[in-house]
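Chain identifiers are assigned alphabetically (A, B, ...) following the order of the sequence lines, protein sequences preceding nucleic acid strands; residue numbering begins at 1 within each chain.
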Number of protein chains: 2
Amino acid sequence: MSVDESHGRGGAAVRPTLRTLAAETGFAVATVSRALANDPKIAESTRETVAAAAQRLGYVPDRAAQRLRTGRTKVISLMLDPHHEILGFTNHLIEGLTGAMVGSGYHLTVFPQTVGGDTLAPIQHVVRNNLADGVIFSRTRDDDMRVRFLLERGFPFASHGRTRGPAPHPFVDFDNDAFAHAATMRLADKGAKSVCLISPPEPYTFAGHLRAGVRRAAAERGMTVTIPEHLSIDSPPEQVSAWAESLDPVPDGFVFPGEVSYLATAAGLRRRGLEHGRDYHAVIKVSSSLLSLVDPGLDQIFEDIREAGRLLGESILGAVGTEKGAMPEGVIYAPVVLYR
Amino acid sequence: MSVDESHGRGGAAVRPTLRTLAAETGFAVATVSRALANDPKIAESTRETVAAAAQRLGYVPDRAAQRLRTGRTKVISLMLDPHHEILGFTNHLIEGLTGAMVGSGYHLTVFPQTVGGDTLAPIQHVVRNNLADGVIFSRTRDDDMRVRFLLERGFPFASHGRTRGPAPHPFVDFDNDAFAHAATMRLADKGAKSVCLISPPEPYTFAGHLRAGVRRAAAERGMTVTIPEHLSIDSPPEQVSAWAESLDPVPDGFVFPGEVSYLATAAGLRRRGLEHGRDYHAVIKVSSSLLSLVDPGLDQIFEDIREAGRLLGESILGAVGTEKGAMPEGVIYAPVVLYR
DNA sequence: GAGAGATTTTGTAACGTTTTAAAACGCCAT
DNA sequence: ATGGCGTTTTAAAACGTTACAAAATCTCTC
């Protein structure tokens, strides 16, 4: 007999409420409520009695009632934007997030980006209509409207990625600078004289980190740097592919912040008869093991998106748990080098 | 001035409630409630007055209160299981789902599969604790515990994939039979004499559909069929890869229900010096444009996961909207042939 | 001009929880 | 016994909504 089986005395299973427990134990509803909340002003003995009854009847508090009474939703909202570049991003992020939230009593709801790319609107909607206790979003910008809005309202959040602004806030970010630096060093070790970076669009903070990392390493090793403008990891693959095909001169080293831009570039170069490992080298940031299948010799550096999700989950739970405005802590997770 | 700006008379923005509207319009709270609900027993004029006031004050009903009162959560739960095989599955499915739910007032929450692979537990949790009005799940089996449980409880749901059981229920399914048939025909057209199918694990309903489609076409065209046991699209890529490398004899035609199994198999065959297009043919079911990048010559058939999500969304909204038990309708969406 | 009938509005009671302030209880010193 | 004090319990109100039954208002018809 399962523990949360219906104990209905013959009829349809009726959900036990505080009133049920009160009747069962002989205490008042208020007492039962506080006993379950582990209020220290409740006698130890009654706490046990109530806990036992709750366990026996399979009591579980009604979220709607709690939410109505307390104003807390016990919900975290994830703002979803389509990621063309990072394979399995959504899946891994959600896995990490829900993993961190298991047992916390919090639920995860997902809000789509409204078409037209307005990234602030869904967040305003959530905040204004009290649809969650905290929000998570990604693709953070140097100067991010969402961060500004949420800080101003004192609304808990955690972002994937940092801002450049002076105001501290909770975030989780991959060390893109370290990745880019390591990748460029690797290219130098392989004998590359020039390095080309397919960058994310400028406004995203991590674009700056990637560029900085590449430039620093290139300076150390005397390499030339090219970063194509009018082209980003968000460009349609066909466009990237075409760009690569018409590249002149062809750099002998590439840093790719994602699988797709690599595949697109490699396709373009291949049409010109250029092959990876022979005519150029590449280091690719991956978040899946997929690329190893298409070419086992590739130099890959791993970004653990599931871990990012886990950290974001912990971060936001901390933020909603503590008193308003406390602990704007950021955490940075490290690249995992897969080559050699 | 934005339409839902706070109209607070100087102080902190206080959310307007029905009581606010009642005071504002001079009607009773009950009247306001029913006016907003478009109750036909309310005079047209008052409906307009109330609607105007609601609009002006930026009134939006409190979900918690509605949920407490009505018992309806206005939430749909998506049961998430990790899909190694289909690239971008989660992302696309959620995009489709949320797209279909926009404007419906429903929210989407996501529940992870509890580790250990118990697929029923999270659903029971949602149903027993009234955490949603309907659930969505995928990877449906011939005889599916979840379907049985939900039908028995009369709980609204829509599954991605069918069951084989006699009881009808709402589902959305890809026409895997048609895909497999078309794929095999294509292989025959290319001159293949034998066809090998990497199948999903037996219990999943779509495994049967795929096998049937392949076998039917093979019979029509006089091809031999092999379906490796102890190997499925869920097998780790390394295992698939190793299997391919040791394959003997090597079939001259392959049907792949997903990108990953193709990449793994091709990697194994490549290590033996066998090349696609020369030594064997392949038709692959894809859900992204990624494979075109690695090999533009590949024969691909597209499964639109976003569309699946959209259909699932419509389906579940229909199911929760109508009276209990009505309209167990299933919908099948078609393959999109990309070759030629 | 009064009553019947239809239309429209409203007061009240829930839904299940937490919180505030007050009541009950036990115990000890007077 | 009485009062006082610390501990433990409780009644009642509130959160914002919907639903039921009853009240109020309007519209006819005789």
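- Straight-line distance from the CZ atom of Arg47(A) to the P atom of dT9(D): 10 Å, rounded to whole Å.
- Atom pair Gln66(A):CD and dC15(C):P shows a separation of 17 Å (rounding to whole Å applied).
- Remark: C1' of dG26(C) and NZ of Lys41(A) are 16 Å apart, rounded to the nearest angstrom.
- Judged by distance alone, with hydrogens and angles left aside, the side-chain atoms of Thr70(A) form a donor-acceptor pair with the main-chain N or O of Gln66(A) at under 3.5 Å.
- Electrostatic pairing of Arg148(B) and Glu152(B) does not count as a salt bridge here, judged by no charged N lying under 4.0 Å from a carboxylate O.
- Relative ring orientation between Phe111(B) and His125(B) is described as perpendicular, the plane-to-plane angle rising above 60° on a 0-90° scale split at 30° and 60°.
- Using a 4.5 Å cut-off on side-chain heavy atoms (C-beta onward), Val75(A) and Tyr106(A) make no contact.
- Residue Arg15(A) contributes atom CZ, which lies 12 Å from atom C1' of dC15(C) at whole-angstrom precision.
- At distances below 3.5 Å, not a single donor-acceptor pair connects side-chain atoms of Ser104(B) with backbone N or O atoms of Ala100(B).
- Residues Ala43(B) and Leu68(B) each lie close to DNA chain C; by heavy-atom proximity, the contact nearer the 5' end of the strand is made by Ala43(B).
- Going from atom CG of Asp39(A) over to atom P of dT10(D) covers 14 Å, rounded to whole Å.
- With ring centers used as reference points, Phe137(A) lies 6.0 Å or more from His160(A).
- One interatomic measurement links the two molecules: CG of Asn129(B) to C1' of dG16(C), which rounds to 14 Å at whole-angstrom precision.
- Between the CZ atom of Phe27(A) and the P atom of dT10(D) there is a distance of 7 Å, given to the nearest Å.
- Judged purely by atom type and a 3.5 angstrom limit, Ser315(B) has no side-chain atom pairing as donor or acceptor with the backbone of Leu312(B).
- Taking atom CD1 of residue Ile42(A) and atom P of nucleotide dC25(C), one finds them 16 Å apart after rounding to whole Å.
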Original post:
Once each nucleotide of nucleotides 19-28 of chain D is scored for protein heavy atoms under 4.0 Å, what B/S/- sequence comes out, 5' to 3'?
Top reply: B---------

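- Among the atoms of the strands shown, base atoms are found under 4.0 Å from some heavy atom of Ala65(B).
- For Arg19(B), a side-chain nitrogen or oxygen approaches OP1 or OP2 of dC15(D) to under 4.0 Å.
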